[in-house]
Amino acid sequence: MSNTRRQYPFHLIEPKWQQVWREQETYRAWNPGDTIHAEHPFARRHPQALEGANLPPKFYILDMFPYPSGAGLHVGHPEGYTATDIMARYKRARGFHVLHPMGWDAFGLPAEQYAIKTGQHPRQTTEANIATFKRQIQALGFSYDWHREINTTDPRYYRWTQWIFLKMYNSWFNPVTNKAEPIKTLTYPAGIETEEEKRAYRDEKRLAYVAEAPVNWCPELGTVLANEEVSEGKSEIGGFPVVRRPMRQWMLRITAFAERLIADLDLIDWPLALKEMQRNWIGRSEGAEVAFPIADIPSPGVGFERGIVVFTTRPDTLFGATYMVLAPEHKLVDQIATAEWPAQTPESWKGPDPSAAGSPPSAIRAYRAYAAAKSDLERTEMAKKKTGVFTGAYAINPVNGERIPIWIADYVLATYGTGAIMAVPAHDTRDLEFARKFDLPVRLVVQAPAGQESIGFVGDGTNVNSGLLDGLPTPEAKKKINAWLETNGRGCRTINYKLRDWLFSRQRYWGEPFPIIWRNGHHEALPEGELPIEPPVLDDYKPTTSGEPPLARAESWVNLPDGSRRETNTMPQWAGSCWYYLRYLDPDNDRAFCSPEAERYWMGTGAISDRKLEGSKPTPGVDLYVGGTEHAVLHLLYARFWHKVLFDLGCVSTPEPFHRLVNQGLILGEDGQKMSKSVGNVVNPDLILAEYGADAFRLYEMFMGPLEMVKPWSTKGVEGVYRFLGRVWRLFIDEKSEQDFEQSLTLEEPRGAELLNRLELRADLQDISPSPAQLKALHRCIKKTTEDLDGMRFNTAISALMVFINEAITWPVKPMSILQQFLVLLQPLAPHLAEELNAKLAAARARKSPPGPRHPAPAEPTLAYAPWPDYDPALLVEEVIEIPVQVNGRFRDRLEVPADSTAEQIEAAALASEKVKPFIAGKTVKKVIVVPRKVVNIAVIG
RNA sequence: GCGCGAGUGGCGGAAUGGCAGACGCGCCAGACUUAGGAUCUGGUCCUGAAAAGGGUAGGGGUUCAAGUCCCCUCUCGCGCACCA
């Protein structure tokens with residue numbers, strides 16, 4: 001800490017007002033039906049809302065709640081929180097009923113790993129971390145309604161996480177209605193007769209189901225991970241290698257919602273880049289499935305009566321298919337592989353391992369081992385080098401009857417499409433590369449537009465060498481071949497998604513246990529009445545030596561008296577955050593995850609309205625959601641999915657949870673690099689707060705630049721806004737009284753808060769009528785801050801406040817009414833200082849005119865609900881305006897003209913300007929453009 | 001490779017197609033002061049004594065007028081990446 005003198009006693013002001021707000025419950029939000037105390041500042045602003053009826057229009061402003069890590073807050077966290085807090089305060093001032101809650105996403109790996117190391121129960125770590133986070137967040141003076149604080153690890157919370165899971169377990173996706181429906185509505189097709197068959201069918205259809213599938217196993221973390229948690233073959237958390245491994249796991253049927261998850265992006269106001277990321281992740285592609293019969297197999301076995309089915313987005317290139325490739329894991333590989341290599345099989349077709357090249361089966365075995373040994377990471381890195389093995393078998397191209405060789409290669413993914421492709425080397429980069437390596441034929445079937453090479457051309461062109469498709473442009477060729485495939489029973493149009501079902505179980509301790517038991521190899525839901533299912537207390541939080549999840553250690557918990565066993569997996573960290581925004585609406589409700597009344601009020605019921613932050617029409621769902629992009633395809637996709645399930649089941653009233661989303665940009669270190677402990681450029685907010693105070697910290701976080709932008713931290717920059725706050729302070733506070741205050745403070749530090757009262761307003765602050773110029777300065781400031789806050793342009797809003805102060809400082813006498821209005825504008829951004837100065841003003845005015853019927857006392861104890869001023873456009877009208885004069889677009893002079901001058905008058909004045917004359921002398925004036933109130937441009941030639 | 005976004009002083013950044021650089025940092029000068037790493041005042045895009053000229057990554061275009069709109073190129077950031 002440097003020894004600069006404090007600009008103003010923020011160290012006394014900030015705790016004082018935080019205490020007032022806490023005791024007064026200033027920022028409490030009310031549900032329909034709540035009883036509101038008449039003295040509460042909200043009730044004073046909205047007297048019609050007493051008794052919790054006729055509540056004003058709501059505005060739900062949400063932060064992405066944090067995972068309370070042991071490291072505490074860093075300066076990146078409060079960036080979004082400050083932005084939302086400013087919006088919350090601004091919306092309150094504008095008369096909205098603001099819901100602005102905060103809570104803790106507290107299940108997760110770090111607490112569990114700490115538990116494994118120390119034996120300390122994760123709950124203790126979690127609680128300690130939450131206490132730190134809460135202290136730090138509260139020190140920033142955010143206007144959260146702490147009555148609504150939630151914690152995903154609280155049994156009263158996760159009881160409902162488990163409840164929603166049961167809802168999914170007991171639902172299925174009806175493709176006819178395109179909705180989730182209770183499992184009761186499931187009808188059984190013919191042939192499903194016995195109870196056992198029906199159970200199997202039902203279990204297959206549930207939204208939450210168990211599947212044996214290749215999953216992402218992370219040995220280092222000792223758990224499986226969802227696709228969304230794996231990036232380039234490494235775990236998102238920790239960056240550990242991930243391998244594919246078949247396991248029996250719980251899955252959630254998010255793929256059923258793929259279409260709606262894409263389509264409904266059009267309903268919401270999110271950054272384009274983020275919508276694009278979700279679209280890419282869902283990865284919708286239109287194409288066709290085409291069946292290729294196997295050659296030389298007179299009676300195909302079960303499973304491939306139709307041969308091999310491929311998915312392709314380019315059925316129009318079917319005539320160019322010169323070979324096929326199956327994923328090495330494809331289940332038909334063993335059935336089609338021939339016992340011996342066909343005559344004249346080139347050596348290079350027999351696989352990368354010469355020692356296994358004796359026959360197709362041995363080469364295939366070797367190649368599978370080779371592919372499996374590679375982690376996903378290595379597979380990605382080796383993407384450039386194509387490898388594969390010929391199976392010995394041939395397929396028949398259904399459109400021309402050609403025999404084409406069938407290969408296996410790891411460039412075809414088992415998990416996408418059908419796990420098999422038709423290779424069209426002439427018009428697919430990967431196939432071309434493969435064909436060139438193994439000397440496979442390349443047949444041109446799409447003529448590229450003139451001037452472009454057709455071999456390797458992957459765009460739209462014109463079909464050639466394609467029989468019935470010849471001469472057709474690509475889109476038409478697609479239509480025609482699709483029709484042909486369908487009439488001939490060789491395939492059909494289809495849509496494919498990259499999105500996989502959500503792998504929902506984890507082999508961990510510190511997560512929500514599943515409300516599921518196993519009996520005779522079947523899973524069963526526990527009744528709702530038994531919720532919450534709490535995890536057992538363990539001595540050892542490690543997985544068992546046999547690789548079972550840690551919960552399996554608690555024998556007495558796992559084994560139930562009736563012989564059934566509890567599910568020992570837990571839910572992933574994302575479970576709790578999938579619905580937390582709903583729990584805030586009614587956090588203490590023990591009968592429902594939230595009451596329908598609260599849900600309807602806060603989430604809105606109407607159709608999607610045109611989004612404009614201004615205007616009083618409630619928008620559906622969360623009105624403003626601010627957080628980082630790192631959750632683009634995790635939390636934000638999962639939460640939308642859960643919300644849609646709840647919507648289908650009638651539990652919520654909107655199809656989308658978050659109507660408007662804003663991503664705050666990353667804050668870099670002072671060196672312009674990402675903040676990290678290892679680089680040593682991490683800025684600790686505690687230190688900044690101690691030196692400059694919360695208001696300066698808040699202001700700086702917003703003054704750095706646009707919220708969405710990536711920007712580097714600068715402690716010097718904090719000093720700038722801090723000085724601004726000091727100037728505001730000195731504009732109000734008498735210098736002499738401050739000197740006295742400072743002196744007393746050094747003598748009696750502990751009585752600081754009390755000493756604040758000794759500070760006097762400056763003598764040049766007077767209760768007089770403002771001059772027109774002063775009114776104009778204020779209203780300019782109102783206009784600019786209003787527009788900027790509406791657009792969330794906090795940096796320029798702050799700059800407008802600075803401009804006002806720079807001007808007000810020069811006034812010999814400062815009208816109190818003007819400065820009071822300024823404080824209303826300052827309040828959302830620097831609430832502590834604004835409150836303190838406002839209280840001083842109020843006290844001074846009360847002294848001058850003692851309480852009485854005309855001046856009810858005391859003045860409002862808080863600025864939090866002070867109405868936002870409207871600017872008066874009439875006051876902003878200038879009588880004389882400056883107009884720049886250009887000659888041929890170059891600035892030459894500035895004219896002062898009456899604001900109501902006509903174009904002709906301005907033109908005449910411009911042409912008469914002494915500074916302009918030299919530039920038009922001897923030249924022909926071709927044209928004079930007069931843009932009223934903006935500019936004059938004289939176009940000359942010669 | 002594909003997709004998205006962004007390039008403006010020494011720095012963070014402002015500019016509904018209409019005076020480029022608001023506001024802040026830094027820097028320079030001055031005032032007050034025992035002192036200044038406090039505060040206040042003035043200055044601060046570049047060249048030039050001035051007049052004036054040049055200037056928003058580079059090149060081209062539209063326009064009376066372009067940082068802003070269009071085309072091409074380059075650089076940086078983010079996301080996806082064998083998705084058939």
Side-chain angles (χ1 to χ4, degrees), chain A residues 2-7 231-232 271-277 279-281 283-285 287 310-314 317 325 379-380 382-386 409-413 415-424 427-431 433-434 458 496-499 629-630 632-633 663 665-666 672 699-700 703-706 708-721 723-724 726-727 730 735 784 793 795-803 805-806 809-810 882-894 918 926-931 933-940:
Chain A
S2 81
N3 53 6
T4 51
R5 206 178 134 230
R6 239 180 238 113
Q7 292 269 348
S231 176
E232 294 183 10
L272 282 177
L274 206 104
K275 287 189 181 182
E276 202 52 34
M277 276 193 238
R279 283 197 197 97
N280 285 341
W281 189 262
R284 181 185 198 273
S285 53
V310 303
F311 173 71
T312 177
T313 56
R314 294 299 299 272
T317 62
V325 188
R379 264 170 95 145
T380 311
M382 294 185 181
K384 296 292 161 286
K385 288 187 237 141
K386 295 276 183 291
D410 66 357
Y411 85 92
V412 171
L413 307 174
T415 50
Y416 182 76
T418 59
I421 62 157
M422 62 174 202
V424 183
H427 306 293
D428 182 282
T429 318
R430 300 149 300 181
D431 295 345
E433 201 184 324
F434 192 85
V458 297
N496 232 298
Y497 300 93
K498 282 201 298 188
L499 184 69
T629 18
E630 65 272 23
V633 290
N663 289 124
L666 202 64
L699 227 48
Y700 177 65
F703 190 62
M704 293 167 83
E708 314 78 28
M709 244 166 58
V710 178
K711 44 210 176 284
W713 179 267
S714 157
T715 300
K716 278 282 178 202
V718 187
E719 281 176 29
V721 292
R723 278 202 280 266
F724 160 67
R727 281 204 300 283
R730 289 188 295 274
E735 214 180 325
K784 182 77 176 140
R793 293 182 295 269
N795 53 333
T796 48
I798 293 166
S799 138
L801 297 176
M802 288 172 165
V803 169
I805 285 296
N806 289 345
I809 263 173
T810 65
E882 280 193 346
I883 290 193
V885 183
Q886 301 173 341
V887 177
N888 285 346
R890 301 203 48 95
F891 172 77
R892 293 303 174 193
D893 194 16
R894 213 184 306 275
K926 203 175 69 181
K927 200 173 174 187
V928 179
I929 293 103
V930 179
V931 184
R933 309 183 60 81
K934 286 284 182 192
V935 78
V936 185
N937 194 5
I938 304 167
V940 299

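Sequence lines set the chain letters: A, B, ... in the order given, protein chains first and strands last, and positions in each chain run from 1. This one's a predicted model, so the numbers in the text were calculated from it and none came from an experiment.
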N-glycosidic conformation, B:G48 - syn within 90 degrees of 0, else anti: anti
5' precedence on RNA chain B between A:G283 and A:S799 (nearest-nucleotide basis): A:S799
Minimal non-hydrogen separation, A:D431 against A:M422, with atom names: OD2-O, 4.0 Å
Taking the [atom1] atom of each, how far is [N] from [M], in whole Å?
| N | M | atom1 | answer |
| --- | --- | --- | --- |
| B:A6 | B:C19 | C1' | 26 Å |
| B:G60 | B:C45 | P | 28 Å |
| B:A65 | B:G17 | C1' | 8 Å |
| B:A57 | B:G53 | C1' | 22 Å |
| B:G42 | B:C76 | P | 43 Å |
| B:C23 | B:G9 | C1' | 15 Å |
| B:A50 | B:U44 | P | 13 Å |
| B:G13 | B:U62 | P | 34 Å |

Integer-rounded Å distance: [N] [atom2] and [X] [atom1]:
| X | N | atom1 | atom2 | answer |
| --- | --- | --- | --- | --- |
| A:N280 | B:C78 | CG | C1' | 13 Å |
| A:E708 | B:C78 | CD | C1' | 15 Å |
| A:D428 | B:C2 | CG | C1' | 14 Å |
| A:F724 | B:C40 | CZ | P | 13 Å |
| A:I805 | B:A22 | CD1 | C1' | 17 Å |
| A:M277 | B:C80 | CE | C1' | 9 Å |
| A:N888 | B:U63 | CG | C1' | 13 Å |
| A:I798 | B:A22 | CD1 | C1' | 14 Å |

Atom pairs, N/O to N/O, protein against nucleotides 49-53 of chain B, distance under 3.5 Å?
from, atom 1, to, atom 2, distance (Å)
B:G53, OP1, A:R892, NH2, 3.3
B:G53, OP2, A:R892, NH1, 2.9

side-chain contact (heavy atoms from CB on, under 4.5 Å) between A:Y411 and A:I421, worked out: CA-CA 10 Å; A:Y411 85 92; A:I421 62 157; 3.8 Å; yes
Point-to-point distance, once rounded to the nearest 0.5 Å, from CZ of A:R793 to NZ of A:K784: 6.5 Å
Interatomic distance, A:T796 atom OG1 to A:L801 atom CG [nearest 0.5 angstrom]: 10.0 Å
With [X], which residues qualify under side chain to side chain contact (heavy atoms under 4.5 Å, CB included), at least two apart?
| X | result |
| --- | --- |
| A:V710 | A:L666, A:L668 |
| A:K716 | A:S714, A:E719 |
| A:V458 | A:T429 |
| A:R284 | A:E259, A:I262, A:E286, A:I495, A:Y497 |

Under the rule for side-chain hydrogen bond (donor to acceptor under 3.5 Å, both in side chains), what residues qualify as partners of [X], not counting sequence neighbours?
| X | answer |
| --- | --- |
| A:K498 | none |
| A:K275 | none |
| A:N937 | none |

For RNA chain B, the dot-bracket pattern of Watson-Crick and G-U pairs whose distances stay under 3.5 Å, | for other-strand partners: (((((((..(((.....[....)))((((((.......))))))(((....)))..(((((..]....))))))))))))....
Taking the minimum atom-to-atom distance to the side chain of [X], which one of [options] wins?
| X | options | answer |
| --- | --- | --- |
| A:I421 | B:A84, B:A81, B:C23 | B:A84 |
| A:V803 | B:A84, B:C23, B:C64 | B:C23 |
| A:Q7 | B:U41, B:A38, B:C82 | B:A38 |
| A:R727 | B:C80, B:C40, B:C25 | B:C40 |
| A:R723 | B:C82, B:C40, B:C25 | B:C25 |

With sequence neighbours excluded, residues passing salt bridge (charged side-chain N to carboxylate O under 4.0 Å, His left out) with A:R730: none
Qualifying residues under salt bridge (charged side-chain N to carboxylate O under 4.0 Å, His left out), relative to A:R279, sequence neighbours excluded: A:D266, A:E276
Checking all strands, does [X] fall into the base, sugar-phosphate, or nothing category for heavy-atom contacts under 4.0 angstrom?
| X | result |
| --- | --- |
| A:S285 | sugar-phosphate |
| A:N806 | sugar-phosphate |
| A:K498 | base |
| A:T313 | sugar-phosphate |

A:T313 side chain reached by A:F311 side chain, heavy atoms, under 4.5 Å: yes
Contact letters for nucleotides 4-18 of chain B, in which S counts primed atoms plus P, OP1 and OP2 and B counts the base, heavy atoms under 4.0 Å: S-------BSS-B-B
